[in-house]
Number of protein chains: 2
Amino acid sequence: MAKRTKNDELAQLARNVNMADVARAAGVSMATTSRALNDQPGVAPATRERVLEVARQHAYVVSPAASTLSGGATRRIAVVVPHLSRWFFGEVLEGIDATLRGAGYDLMLYRVGEGADRDSFFELLPARRKVDGVLVVGIPASEAEQERLTTMGVQIVAAGGQVAPYPTVSIDDHGAGRQAVNHLVNLGHRRIAMIDAIDPNASHWPVAGRALAFTEAREERDLDPDPELFQRVPWSARHGAEAMAALLALDEPPTAVLAHSDELAIGALHTIRRAGLDTPRDISVVGIDDHPLSEELDLTTVRQDVREQGRLAARMLLDGLAGLDQAPWTVLPTRLVIRGTTGRPRQG
Amino acid sequence: MAKRTKNDELAQLARNVNMADVARAAGVSMATTSRALNDQPGVAPATRERVLEVARQHAYVVSPAASTLSGGATRRIAVVVPHLSRWFFGEVLEGIDATLRGAGYDLMLYRVGEGADRDSFFELLPARRKVDGVLVVGIPASEAEQERLTTMGVQIVAAGGQVAPYPTVSIDDHGAGRQAVNHLVNLGHRRIAMIDAIDPNASHWPVAGRALAFTEAREERDLDPDPELFQRVPWSARHGAEAMAALLALDEPPTAVLAHSDELAIGALHTIRRAGLDTPRDISVVGIDDHPLSEELDLTTVRQDVREQGRLAARMLLDGLAGLDQAPWTVLPTRLVIRGTTGRPRQG
DNA sequence: CACAGTTTCGGAAACGTTTCCAACACCTCC
DNA sequence: GGAGGTGTTGGAAACGTTTCCGAAACTGTG
């Protein structure tokens, strides 16, 4: 009999149960059923219990389409990212997913690169009748695109990016750069290089955040102002390696290197190894991120809590949807993690 | 005047335009408007053009909720993954997203770990009225869970995983292991170790695919059968490093190591470095995946096209939705990429 | 018991699209 | 001209839920 009941239940899943079925079985109206299932006031506790039990027995799930059409809310959030296979975005998504899931929201993913996809997304905003809110992650959106986005008529929060006309979450990017460069200065380095990252998909990339901290420190702390020490390359370990090779080919190589991200730092480390040099004996390297591989590589780095950024961004969006107050701008601190790739400069 | 037109358009986006508005402006009925917008037959070309132009001028987008409620199709695909921040899943998602986007489908992301989330997902199948199909990626689903999934009444395709009662895409996992171990054998290695990966979230992890190829090769090719040479650890660079340390602590360390994935291999490489040893001079290392960092690390590895798996899986699902024939099981080949971490065993 | 206030309940309209089928228009052939 | 076939069009019903508002039931007080 147990086997037969299981089969009946399976068959019932295939034939979707509607609220009308639940109402009939519970002996109440559609309106009462809806109120009971949606935890709305105006239902006697005993009636509510009965309806919930009948719904459970029928394995009833609401029709999201009918619910949205009638009540307006989609209970879906769009997450817009420029890349999927890079660590940062996967990590943010972990935080976002957990928070949305906990609140009963679904996550719709939009990977928006360049060209037709991007034009289509920002021009017509096709997502606007599909979601209640949008989380924009690390998209180098132009001011026009940002403004366009606000016309969607949905809540927007940005993470991991730049100033925008909607609430944002980010790390103290400038502070992170500051921590890294100060660490090197305090070790005694004066000829310090930076390998900065540019987004291969962005049309321009102003000197801001981490890079700005570096250029400012050069002036304030009397560091070597050699422009050759400021390298800007597309992010990837390989480009980091190539930039490090260019730095090692200078008449006077730097004694320390600040890399925009751990991925660039990893590439730089391997160029150093291949050149027969070592950290921190011959040259110091510090990254930013604390990527999972950094601990294994013993890389000194500035840690940012990427997952927390995702959680916070989602939290802020949900608060906005619930009509609660939103902080317009939340900045997470970063923390210097000293490992084995930084030390005092070599004498002479 | 140009500024004023732009503002009118922006205001119009905020107030959603419905199909009734388009029909009225085009001077046709709702039925004709729907046919024209959906590329259905039974509309005169001139009428269709007129409707399309009016829709474009009004920046009309359909109400997905009304469309789904009326026509049944959601045009959404669920992608179910056990992790988000690991490279493999980001890479698969890139391929999936591109293919779904091209076909006009939206991607809904479900990260299903362990515990309540997982029970909820597989038990009640809440996604079943939300999507037209499901792509299951790298989920170590039990047979009961797989069977349960088929009761959703939607198309299902799996990628990067195991045998299932629905179409699947994977690499030739066994072949990949074979390529790696053969490469080492052909270099002359006989005392070969394997660092195998287990999913920290799975309750069991049978010796299959790559690991099976290793254990079979030991018997067929007369390799050293020492059971200490078969290490199984949770995937991560750190666990790879620890397993490598255990192997180096043996009375007679292996002359070569096959790692289940490049991440494990990277960890192993660093233990080797820290022990003052080098590849391939002292010991050979081969991984599987061709992770982006592997080229930079000069790691010999077996390459799998992860993004192509995503594309294929999505393609197969869309074909199923379109009523086309689906191959029940598609296997992608892998390719050995020889770099600098493998060489002949040291003499003596 | 009567009255007032509160809680619960149910019917019907609304939401915005899709699609079936009847009606009409047009064309071709005998 | 009439018959038959083809293409186009439009009205109405359906989809499954939510919510407004009137009616009924219940509770407490004098």
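So you know, we letter chains A, B, ... as the sequences are listed, proteins then strands, and number each from 1.
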Sugar-phosphate only, base, or nothing, as touched by Arg48(B) at under 4.0 Å among non-hydrogen atoms: nothing
For atom CD of Gln40(A) and atom P of dT8(C), their distance in whole Å: 13 Å
Boundaries of the chain B footprint along DNA chain D (any atom under 4.0 Å from a heavy atom): dT8(D) to dT17(D)
Minimum-distance pair of heavy atoms, taken over all atoms of Arg101(B) and Arg111(A): NH2-N, 4.5 Å
Residues forming a ring-ring contact (aromatic ring centres under 6.0 Å, His included) with Phe89(A), sequence neighbours excluded: His83(A)
Polar side-chain atom of Ser67(A) near backbone of Ser63(A) as donor-acceptor pair, under 3.5 Å: no
Residue pair Phe122(B) / Arg148(B): nearest heavy atoms and the distance that separates them: O-CG, 2.8 Å
Touch class at under 4.0 angstrom, heavy-atom based, for Gly71(A) against every strand present: sugar-phosphate
Sugar-phosphate, base or nothing in reach of Ser67(B), heavy atoms under 4.0 Å: sugar-phosphate
CA sep, side-chain torsions, deciding dist, call: Val80(B), Ile139(B), side chain to side chain contact (heavy atoms under 4.5 Å, CB included): CA-CA 8 Å; Val80(B) 189; Ile139(B) 297 265; 3.9 Å; yes
Salt bridge (Lys or Arg N to Asp or Glu O under 4.0 Å) contacts in which one or both residues fall within residues 30-44 of chain B, not counting sequence neighbours: Asp39(B)-Arg48(B)
Pairwise 5' ranking along DNA chain D for Leu69(B) and Thr47(B), keeping only the more 5' one: Thr47(B)
Heavy-atom pair of closest approach, residues Ser85(A) and Glu91(B): CB-OE1, 3.1 Å
Integer-rounded Å distance: dT8(C) P and Glu49(A) CD: 14 Å
Closest-nucleotide 5' rank along DNA chain D - winner of Ala31(B) and Thr68(A): Ala31(B)
Sugar-phosphate, base or nothing in reach of Ser63(A), heavy atoms under 4.0 Å: sugar-phosphate
Those residues that, when tested against Arg311(B), pass salt bridge (Lys or Arg N to Asp or Glu O under 4.0 Å) (two or more places apart): Glu308(B)
Bending between helix ends of the helix from dC1(C)-dG30(D) to dC30(C)-dG1(D) [5 pairs per end, 10° resolution]: 40°
Val43(A) or Ser70(B), whichever maps to the more 5' nucleotide of DNA chain C: Val43(A)
Test ring-ring contact (aromatic ring centres under 6.0 Å, His included) applied to Tyr110(B) - qualifying residues, sequence neighbours left out: Phe121(B)
